[in-house]
Amino acid sequence: MPLTMNKDVFITCAVTGSGATQDRSPHVPRSPTQIADSAIDAAKAGAAIVHCHVRDPETGAPSRDLKLYREVTERIRDAEVDVVLNLTAGMGGDIVFGGTDAPLPAAAGTDMVGAAERVAHVAECLPEICTLDCGTMNFAEADYVMTNTPGMLQAMGRMMTDLGVKPEIEAFDTGHLWYAKQLVADGVLEAPALVQLCMGVPWGAPDDLNTFMAMVNNVPDDWTFSAFALGRNQMAYAAAAVLAGGNVRVGLEDNLWLEKGVLATNAQLVERAVGVVEGMGARVIGPAEVRERLGLVKRAPA
């Protein structure tokens, strides 16, 4: 398949994530104020979309607290800078098994709730976009499984569609794209869809270019896609995504480093990505153009 470079690129900043990075860098935001401020700084640096999780302000541990989501949402929307808000809906599908000799009952760290609870903050805050992790997957941890069954994805997808919030399909492997296309075919999600290609996340799709292009070639032509890779390959994948016809995601959820020995801020990673995109001869577009392209409507929280 010949490459068609994207000339009008939007950048997403994944601000904090849910990984155990809160003690590895002082720049990983924890409180709603810190998360919102970091998102706003990223928007000022050129991010059209900010992808937000929330954390316990005291411990930095990942959270699903509706009040924290509400505060982050309101602070970002009250800011002078405009940005498209993308909230995670990936929490609440975590199983930590009890080990190979006695996998059940599930161990500490398990967080399994129903579809309505997993989408409750989306219904509360009404972001333009929310994520839908489109499959079940082993992660790097020995006994942890990210669990998203077809039934759960159908239920969550219908809720998102009914709320008028556009799902960003998170595809960690080719099978996730296969099922995403089925969700569209079944009328659960609306076409054209939005997808994020998640590369290099153990044990999903590795971040080699052959696998990346296999992912790209499984995205329908009328869909919009972005891509990212973890760690040291983050900026390389900013270039690869643009060259393959897609958009860019950077941020502290995926990478803590600006360069060897230098911890990054979200704004610095966005600035570096802007340089990559513009250095390739493409244009970085803003939130108004993203809303027009994706059919998004900015709304106030419920």
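Values reported hereafter were calculated over all heavy atoms of this structure, with side chains retained and with hydrogens, waters and symmetry mates removed. Residue indices begin at 1 and follow the sequence shown.
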Count the heavy atoms of every other residue, nucleotide or ligand shown that sit under 6.0 Å from CZ of Arg283, and state whether that count exceeds 12. yes
Looking at SG of Cys125 and CZ of Arg299, how far apart are the two atoms once the value is rounded to the nearest 0.5 Å? 11.5 Å
Report the distance from atom CG of Leu252 to atom CD of Gln234, rounding to the nearest 0.5 Å. 8.5 Å
Carboxylate-amine/guanidinium contact Arg293 Asp8, below 4.0 Å: no
Closer than 3.5 angstrom, by distance alone: can the side chain of His51 be matched with the main-chain N or O of Leu85 as a donor-acceptor pair? no
pair Val54-Pro62: side-chain heavy atoms closer than 4.5 Å: no
Ignoring hydrogens and geometry, is there a side-chain-to-backbone donor-acceptor pair from Asn247 to Phe225 under 3.5 Å? yes
Are Val9 and Met280 packed together at the side-chain level, in the sense that at least one heavy-atom pair is separated by less than 4.5 angstrom? no
Should Val113 and Leu66 be regarded as members of a common hydrophobic cluster, given that ILVMFWY residues are connected when their side-chain heavy atoms come within less than 4.5 Å of each other, either directly or indirectly? no
For Leu189 and Thr161, what are the C-alpha separation, side-chain angles and deciding distance, and is it a side chain to side chain contact (heavy atoms under 4.5 Å, CB included)? CA-CA 6 Å; Leu189 305 183; Thr161 299; 4.1 Å; yes
Might you point out which heavy atoms bring Asp133 and Leu153 nearest each other, and give the distance in Å? O-CD2, 3.2 Å
List the steps, then state whether salt bridge (Lys or Arg N to Asp or Glu O under 4.0 Å) holds for Asp111 with Arg64. CA-CA 10 Å; Asp111 180 28; Arg64 291 188 289 102; 2.9 Å; yes
Thr149 side chain to Met152 backbone, donor-acceptor under 3.5 Å: yes
If you compare all heavy atoms of Val83 against all heavy atoms of Ala47, which two are closest, and at what distance to 0.1 Å? CG2-O, 3.7 Å
Compute whether any side-chain donor of one residue and acceptor of the other, for Ser63 and Asp56, lie under 3.5 angstrom apart. no
Are Phe212 and Met235 in one and the same hydrophobic cluster, where Ile, Leu, Val, Met, Phe, Trp and Tyr link if side-chain heavy atoms are under 4.5 Å apart? yes
Could you tell me if Thr211 and Asp208 have a donor-acceptor pair between their side chains, going purely by distance under 3.5 Å? yes
Could you check if a side-chain atom of Phe228 sits within less than 4.5 angstrom of a side-chain atom of Cys198, using non-hydrogen atoms only? yes
Taking all atoms of both residues into account, what is the closest heavy-atom pair of Asp143 and Gly99, and its distance? OD2-CA, 3.9 Å
Does the side chain of Trp257 come within less than 4.5 Å of Leu263's, by heavy atoms? yes
With no hydrogens and no angle check, just 3.5 Å: does a side-chain donor-acceptor pair link Tyr179 and Gln154? yes
Are side-chain heavy atoms of Pro29 and Asp37 found at a separation under 4.5 Å? no
With Tyr237, the side chain to side chain contact (heavy atoms under 4.5 Å, CB included) member among Leu197, Asn255, Leu209: Leu209
Could you check whether any side-chain heavy atom of Val84 comes within less than 4.5 Å of a side-chain heavy atom of Phe10, counting everything from C-beta outward? no
Sub-3.5 Å donor-acceptor pair from the side chain of Asn233 to the main-chain atoms of Ala229, do we have one? no
Run the side chain to side chain contact (heavy atoms under 4.5 Å, CB included) test on Ile35 and Arg30 for me, step by step, so that the C-alpha distance in whole Å, both residues' side-chain angles and the decisive distance to 0.1 Å come before the verdict. CA-CA 6 Å; Ile35 292 168; Arg30 299 186 182 202; over 6 Å; no
Here the gap from Ile129 atom CD1 to Ile49 atom CD1, rounded to the nearest 0.5 Å, amounts to 4.0 Å
Test item: Asn6 side-chain N/O and Gly246 main-chain N/O as donor-acceptor pair under 3.5 Å: yes
Measuring only between side-chain heavy atoms, which start at C-beta, is Trp223 closer than 4.5 Å to Leu194? no
CE (Met199) and CG (Asp173) are apart, to the nearest 0.5 Å, by 8.0 Å
In this structure, would Leu294 and Leu126 fall into the same cluster of hydrophobic residues linked by side-chain contacts under 4.5 Å? no
Looking at every heavy atom in both Val15 and Cys52, which two are closest together, and how far apart are they? CG2-SG, 4.2 Å
Are Ser38 and Thr265 packed together at the side-chain level, in the sense that at least one heavy-atom pair is separated by less than 4.5 angstrom? no
Gap separating the CG atom of Leu258 from the CD atom of Gln268, nearest 0.5 angstrom: 5.0 Å
Is there any side-chain hydrogen bond (donor to acceptor under 3.5 Å, both in side chains) pair reaching into residues 184-202, and which pairs are they, with sequence neighbours excluded? Glu168-Gln196, Gln182-Asp186
Audit row: Asn266, His27, side chain to side chain contact (heavy atoms under 4.5 Å, CB included) steps and yes/no: CA-CA 8 Å; Asn266 279 306; His27 304 306; over 6 Å; no
Is there a path of hydrophobic side-chain contacts, each under 4.5 Å between heavy atoms of I/L/V/M/F/W/Y residues, joining Val290 to Val297? no
With Glu128, which of Arg291, Lys166, Lys298 fulfils salt bridge (charged side-chain N to carboxylate O under 4.0 Å, His left out)? Arg291
So how far is it from Met146 CE to Asp94 CG, rounded to the nearest 0.5 Å? 9.0 Å
Hydrophobic clustering (ILVMFWY, side-chain heavy atoms < 4.5 Å, transitive) - are Val216 and Met5 grouped together? yes
Applying side chain to side chain contact (heavy atoms under 4.5 Å, CB included), run through Arg272 and Val250 and close with a yes or a no. CA-CA 9 Å; Arg272 184 68 61 85; Val250 294; over 6 Å; no
So among Arg118, Glu170, His176, which one has a side chain to side chain donor-acceptor pair (under 3.5 Å) with Asn148? Arg118
Single hit among Gln22, His53, Arg55 for side chain to side chain donor-acceptor pair (under 3.5 Å) with Thr16: Arg55
Heavy-atom closest pair (Ala79 atom, Ile40 atom, distance to 0.1 Å) is CB-CD1, 3.5 Å
Nearest heavy-atom contact between Gly90 and Thr131 is N-OG1, 4.0 Å
Step by step, work out the salt bridge (Lys or Arg N to Asp or Glu O under 4.0 Å) result for Glu71 and Arg75. CA-CA 6 Å; Glu71 184 176 348; Arg75 287 182 178 276; 2.9 Å; yes
